[in-house]
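Index from 1, following the sequence. In listed order, ligands and their atoms are each counted from 1.
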Amino acid sequence: MPEQGLDAQLRLQQGTFQLDARLQLPGDGISVLLGRSGSGKSILLRAIAGLERAEGFLRVGGQLWQEGAHFRPSHLRPLGYVSQSGELLPHLDVRANLEFGYRRVPRARRRLGLDEVVALFGLETLLGQHAAQLPNGQRQRVAIARALLTSPDLLLLDAPLAGLDRHSRAEILPLLEQLRERLQIPLLYVTDQQDEVTRLADHLVLLDKGQTLASGPPERLLSDPRLPLGHPDETAVVLIGQVESHDPHYQLSRIRVPGGTLRVALSRLPPGAETRVRIFARDVSLSLEPPHNSSILNTLETRIIDLFQEHDSARVMVRLDLGSACILARITRLSADRLELAPERRVYAQIKSVALME
Ligand SMILES: Nc1ncnc2c1ncn2[C@@H]1O[C@H](COP(=O)(O)OP(=O)(O)OP(=O)(O)O)[C@@H](O)[C@H]1O
């Protein structure tokens, strides 16, 4: 684990709920904390922020924030914290809200300038508005911008898009993606939404009943059917690829991914750029021969790694090897038996739909 990351073991009893989490996060990029409602995501964030007194240790960017009797109180932890309701100072306007944290940071410690953040978050026209009058989506944009302006060593975002409409979510997600490239601090992002995971996560931590079940690259965790990642019908993997070329005539782009090339809806990124695609397991079917005369554009030749029988279900989940990544196919048990599917067998994965996560 790099010196600049977050390293923690935090234990806490809250009524009958027990948190016992081990976290090792990289020093940059977005770490997504995923877990069902009630799994302890908010309590863990509050413990990291020093708002709950947990036992164990916490080190951020090489600094010890707590261990044993040593406990740095919340107000001395240099972190930005944005909750679902993005608390702003309601009697102040947006500019004053942004300046509130910014002015308290010594000039030499400021990582981002006020004008830079205002431009990045498109807040120019909101500066004179009262915080209390902002619609939810704009309030969250201001709340995230305000947290950034305190030049924190750690940014904690607790489900910042929960409760927002589609339009506001679609506006804020690209802003969060931009932060990935600009911030050299750990960003821990809580969600229970798969689409936010596939779009944002550079590192994924899965929390279940107060315990960290798994931690690692999202490509690996999302393609592991043994992990409780939600309803199997919604199971999807994310592949990190590179834009190869565009075909304006058919409004399609070719994306190079592990194991082959996929045609997707026209990407707005230039050739050579890194991008992500999401493939639902339910959209992948398998065939023993290369398909002919099919309307399905995307077929990858692959090898079965293993098959997982879903409990009390007509379906199986098949994990397929793409070299440095995997995809999943959710097919009927009947088809798996008819095709005599088994580990090591070579198959053609026909992918009905590939979503570009841009
Ligand atoms: N102050 C408290 N006293 C007792 N139990 C609590 C307290 N706060 C939270 N809990 C319990 O701790 C568990 C974890 O709560 P937490 O809010 O961290 O979950 P979560 O994963 O963030 O859920 P959600 O996604 O719904 O926000 C829940 O079972 C909750 O009822």
Who gets closest to atom 21 (O) of ligand 1 by heavy atom: Q84, K41, Q13? K41
Nearest candidate to atom 29 (O) of ligand 1, where distance is taken over non-hydrogen atoms, out of G38, S37, G35: G38
Is it the case that the side chains of [Y] and [X] hold a donor-acceptor pair, with the cut-off being a distance below 3.5 Å and no angle test?
X: T198; Y: D195; value: no
X: T275; Y: E358; value: yes
X: D153; Y: Q4; value: no
X: S267; Y: H246; value: no

List the closest protein heavy-atom neighbour of [atom]: residue, atom name, distance to the nearest 0.1 Å.
atom: atom 11 (C) of ligand 1; value: F17 CB, 4.1 Å
atom: atom 8 (N) of ligand 1; value: Q14 CG, 3.8 Å
atom: atom 27 (O) of ligand 1; value: S42 OG, 3.9 Å
atom: atom 15 (O) of ligand 1; value: I43 CD1, 4.0 Å

Is there a side-chain contact between C326 and I305 (heavy atoms, below 4.5 Å)? yes
With a 4.0 Å cut-off on heavy atoms, is R36 in contact with ligand 1? yes
So for G40, does at least one of its heavy atoms come nearer than 4.0 angstrom to any atom of ligand 1? yes
D283/R278 salt bridge by N-O under 4.0 Å criterion: no
Check this for me, if you would: do D93 and R95 make a salt bridge, where the nitrogen-to-carboxylate-oxygen distance has to be below 4.0 angstrom? no
Heavy atoms from other residues, nucleotides or ligands near CD of E244 exceed 12 (cutoff 6.0 Å): yes
Any non-hydrogen protein atom below 4.0 Å of atom 4 (C) of ligand 1? yes
Please check atom 17 (O) of ligand 1 for a protein heavy-atom neighbour under 4.0 Å. yes
Report yes if G15 has an N/O atom closer than 3.5 Å to an N/O atom of ligand 1; otherwise report no. no
